[in-house]
Amino acid sequence: MFKIGRSTAGKMNIFTKVMIVIVLMLIPIFFMYNYSNNTSTDVVEQELLQINLNRVGFFVEQMDVEVDRLWRSAFVIATDPDALQLQLKPSSEPNYALLASKRLLQQKLGMQSNSFEWVNDFTVYSPHSDVAVSTNLTKHYFASYFQNVSQQSWDYRIIITDRGAEKSFVRDLVTPFDFYVQQTDPNLYVEVSFSSDNLVKMLERFMQGSVGYTFLYHPDYEAIMPRDLDPELIGRMVEQFDNIKEDQDEGAVKISLGNEPYLVNYVMSNSLGWYLVDYQPLKQVLMPINHSKQMFYGAGLLLLVMGIASAGLLYRNVQKPINDLIRAVRLLRKGVYDHRIKRGSHNEFHFLIEQFNLMSEDIQTLIDKVYAEQLHAKESSLKHLQAQINPHFLYNNFAFIQSMAQLDRTKGIVAFTQHLSNYYRYTTRTEQQLTTLSEEMELIRNYLEIHRMQSERLYFYEYIDEEMMSILMPRLLFQPLVENAIVHGMESKVGKFEIIIRGKRTADGWELFVEDNGVGMSLHELESLRHSLQLQMSSNHSLGISNVHQRLKHYYGSLSGIKIEHSSLGGLRIGLTIRTEAIDDVRSSDRGRYPISG
């Protein structure tokens with residue numbers, strides 16, 4: 001370390017004065033930063049408490065809305081004419097009106113139950129006729145079951161359903177309506193129940209992206225919590241919450257659990273009477289602030305020492321090599337792997353620069369090898385996909401040929417086998433990876449004719465610009481979309497089934513679409529399929545579409561891909577979108593080997 005020296009006259013030298021001035025400047029900066037940091041931490045804690053309390057309150061409000069919707073459905077069911085019909089005492093003769101009412105009421109209860117996102121059950125029981133109608137087909141209901149029903153609040157207990165034993169919330173509506181007097185001669189019971197798994201799923205969605213621990217608490221029951229939380233930790237939190245909870249519907253406090261600080265927010269559900277409790281680990285929440293504080297102190301001390309001790313040698317021995325390394329790293333990130341740093345003087349940076357040059361050389365060699373292997377693997381995978389033959393499709397064709405032979409339909413057999421041979425001649429030819437759109441469309445016509453001869457309700461139409469027929473494309477790129485329309489659209493469609501193939505050029509490429517009037521997909525299923533394509537995932541029913549999507553990006557770049565939407569015909573509209581500018585931007589890439597047109 002430097003020594004504080006004095007001149008011959010007894011005065012401090014300039015170096016010592018500069019050191020003292022720097023220290024005196026840094027001391028108030030450290031104190032001011034520490035005060036500012038503590039103030040910021042307090043403000044952040046208060047803001048986090050309020051923000052989390054709002055989040056918890058909003059969640060409870062959403063939960064109460066769904067619970068109240070279920071409970072209001074009980075009033076709708078209780079006033080239904082078919083439910084009122086159950087109150088009539090059956091005579092000795094068969095009462096067909098009662099049987100019809102039970103059947104209609106069963107259907108209405110099923111529709112009412114399915115209208116909710118939550119898993120639930122509705123039950124209607126008449127003590128006069130001793131008749132029960134329920135969406136829970138497993139449990140049998142008797143008069144003794146409804147002796148101690150819960151009318152004013154939701155009861156939490158285990159019930160047996162067709163899904164097995166479930167912890168559920170149950171509440172009963174008794175007619176005539178009277179909330180404050182115990183019914184002695186009720187006309188009708190309407191029971192509403194829903195599984196606690198619905199709340200578990202809501203809690204799991206609520207905790208996504210959060211570092212806290214959230215659960216539902218009631219002093220008389222076991223806590224309801226997400227499946228991935230530690231039950232032991234939640235148990236200790238529940239015990240502590242019993243002590244800190246006040247007689248309030250909501251609150252926000254700061255506590256310590258196991259020497260760890262937590263921000264606790266809780267809101268009581270007005271509908272269920274349970275508390276939603278959220279524990280946020282304060283240490284983890286404030287980690288960026290504490291890390292910034294430590295970094296500030298470390299940087300201050302480092303600057304104090306290094307700024308005075310190494311000012312004269314900084315540029316020549318430190319700054320210049322650092323600049324060279326930064327420039328080399330930036331070039332490395334841009335993909336310039338052949339850049340090498342010139343070696344300077346023999347100091348600490350000499351070894352670092354030498355190792356960086358060796359690392360760049362190794363990276364360049366490794367990338368070249370891995371990239372070549374990836375290209376080979378992709379090419380082999382594509383050939384393998386093209387060579388696959390659907391055995392189910394082949395067996396059906398043989399069965400159809402056999403049935404036509406038994407009917408002595410010789411001309412039909414000849415036409416059918418011609419289409420089938422043309423189809424398999426094309427699909428099993430793997431030596432050539434590219435083809436024209438006209439050849440691909442000829443394959444599709446053979447494929448559709450095979451299905452049309454087996455099912456006369458199939459109609460297909462083709463509207464493609466003639467100039468597009470010479471476009472070059474990977475083999476079997478468009479056919480899987482037509483096959484998808486047949487397999488998933490036609491098999492579940494009753495009556496006439498139509499397929500329309502459209503192709504046109506656009507301002508920045510070209511598009512090929514297949515649309516049908518099949519069963520289609522729900523909005524949720526459609527969004528899920530689009531999401532799986534973005535994540536490069538695929539389920540069993542979207543494997544072919546996912547392969548086509550990845551092949552498009554492999555051949556034509558990231559701007560190209562599969563586009564899926566609802567069709568005006570009632571089914572799906574799915575197609576290929578190719579962006580030609582993606583081809584123009586490709587340099588030193590395998591995709592440059594595949595042009596747009598011949």
Side-chain angles (χ1 to χ4, degrees), residues 59-78 83 105-106 108-127 132-175 179 186 188-207 214-229 231 234-235 238 267-277:
F59 178 89
V60 171
E61 183 179 356
Q62 286 183 311
M63 183 176 65
D64 286 347
V65 166
E66 195 69 17
V67 172
D68 292 338
R69 284 184 60 216
L70 281 167
W71 178 238
R72 285 194 296 269
S73 298
F75 290 86
V76 176
I77 295 172
L105 182 59
Q106 182 73 47
K108 292 178 181 179
L109 292 181
M111 290 188 293
Q112 189 76 15
S113 176
N114 293 331
S115 65
F116 291 92
E117 183 181 357
W118 286 5
V119 177
N120 61 83
D121 286 303
F122 289 96
T123 301
V124 179
Y125 174 76
S126 172
V133 179
S134 176
T135 58
N136 183 3
L137 304 179
T138 302
K139 187 171 181 58
H140 299 284
Y141 295 90
F142 304 96
S144 58
Y145 174 83
F146 295 92
Q147 288 181 355
N148 298 315
V149 296
S150 177
Q151 302 183 55
Q152 283 74 34
S153 62
W154 291 87
D155 187 22
Y156 184 61
R157 62 176 184 262
I158 296 177
I159 62 175
I160 305 299
T161 68
D162 52 356
R163 299 174 298 273
E166 293 182 341
K167 295 181 179 179
S168 302
F169 289 88
V170 183
R171 189 173 180 181
D172 294 85
L173 176 66
V174 184
T175 63
F179 293 94
L188 202 67
Y189 292 93
V190 180
E191 183 175 275
V192 184
S193 65
F194 62 91
S195 173
S196 62
D197 289 340
N198 299 306
L199 304 181
V200 172
K201 293 178 181 178
M202 288 189 68
L203 289 174
E204 290 174 347
R205 291 195 296 267
F206 178 78
M207 286 186 56
T214 309
F215 57 90
L216 285 168
Y217 162 84
H218 193 282
D220 300 329
Y221 306 106
E222 184 181 0
I224 300 176
M225 58 184 174
R227 285 179 282 266
D228 56 350
L229 293 186
I234 299 301
V238 167
V267 176
M268 189 179 74
S269 169
N270 295 325
S271 298
L272 297 178
W274 288 56
Y275 285 92
L276 180 66
V277 186

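For clarity, every value in this text was computed on a predicted model and none was experimentally measured.
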### Query
Applying the side chain to side chain contact (heavy atoms under 4.5 Å, CB included) test to Ser113, which of Leu70, Asn120, Val119 qualifies?
Asn120

### Message
Quick check: do Asp121 and Lys139 have side-chain heavy atoms less than 4.5 Å from each other?
### Response
no

### Message
Between Tyr141 and Tyr125, is the ring centroid distance below 6.0 Å?
### Response
no

#### Entry: Shortest non-hydrogen contact between Leu229 and Ile234, atoms and distance
CD1-CD1, 3.8 Å

### Message
Is it the case that atom NZ in Lys108 sees more than 12 heavy atoms from other parts of the structure closer than 6.0 Å?
### Response
yes

### Task
Over all heavy atoms of both residues, which pair between Ser195 and Glu166 is shortest? Give the atoms and the distance, please.
CB-OE1, 3.5 Å

### Message
Using every non-hydrogen atom in the two residues, find where Ile160 and Asn136 come nearest and quote the distance to one decimal.
### Response
O-ND2, 2.8 Å

### Summary
In short, Leu188 meets Ala78 closest at the heavy-atom pair CD2-O, 4.2 Å

#### Entry: Listed partners of Glu204 passing side-chain contact (heavy atoms from CB on, under 4.5 Å), at least two apart
Val200, Pro226, Arg227

### Task
Just say parallel, tilted or perpendicular for the rings of Phe206 and Phe59, cut-offs at 30° and 60°.
tilted

### Main-chain N/O of Asp162 paired with Thr138 side-chain donor or acceptor, under 3.5 Å
yes

### Task
Answer yes or no: is there a side-chain heavy-atom contact under 4.5 Å between Lys167 and Tyr221?
no

### Query
Do Phe169 and Trp274 make the cut of ring centroids closer than 6.0 angstrom?
yes

### Message
By the definition ring pair (Phe, Tyr, Trp, His ring centres under 6.0 Å), identify the one residue from Trp154, Phe122, Phe116 that meets it with Phe194.
### Response
Trp154

### Task
Assess whether atom CD of Glu61 is packed by more than 12 heavy atoms of other residues, nucleotides or ligands within 6.0 Å.
no

### Message
Tell me whether the count of non-hydrogen atoms from other residues, nucleotides or ligands lying under 6.0 Å of CD in Glu66 goes above 12.
### Response
yes

### Message
If the condition is side-chain hydrogen bond (donor to acceptor under 3.5 Å, both in side chains), which residues does Ser193 pass it with, not counting sequence neighbours?
### Response
none

### Task
Show the numbers, then the answer: is there a side-chain contact (heavy atoms from CB on, under 4.5 Å) between Val190 and Phe75?
CA-CA 8 Å; Val190 180; Phe75 290 86; over 6 Å; no

### Query
Minimum heavy-atom separation for Ser271 to Asp68, with atom names?
OG-OD1, 2.8 Å

## Note on the structure
Smallest heavy-atom separation, Val60 atom then Ser269 atom, equals CG1-CA, 3.6 Å

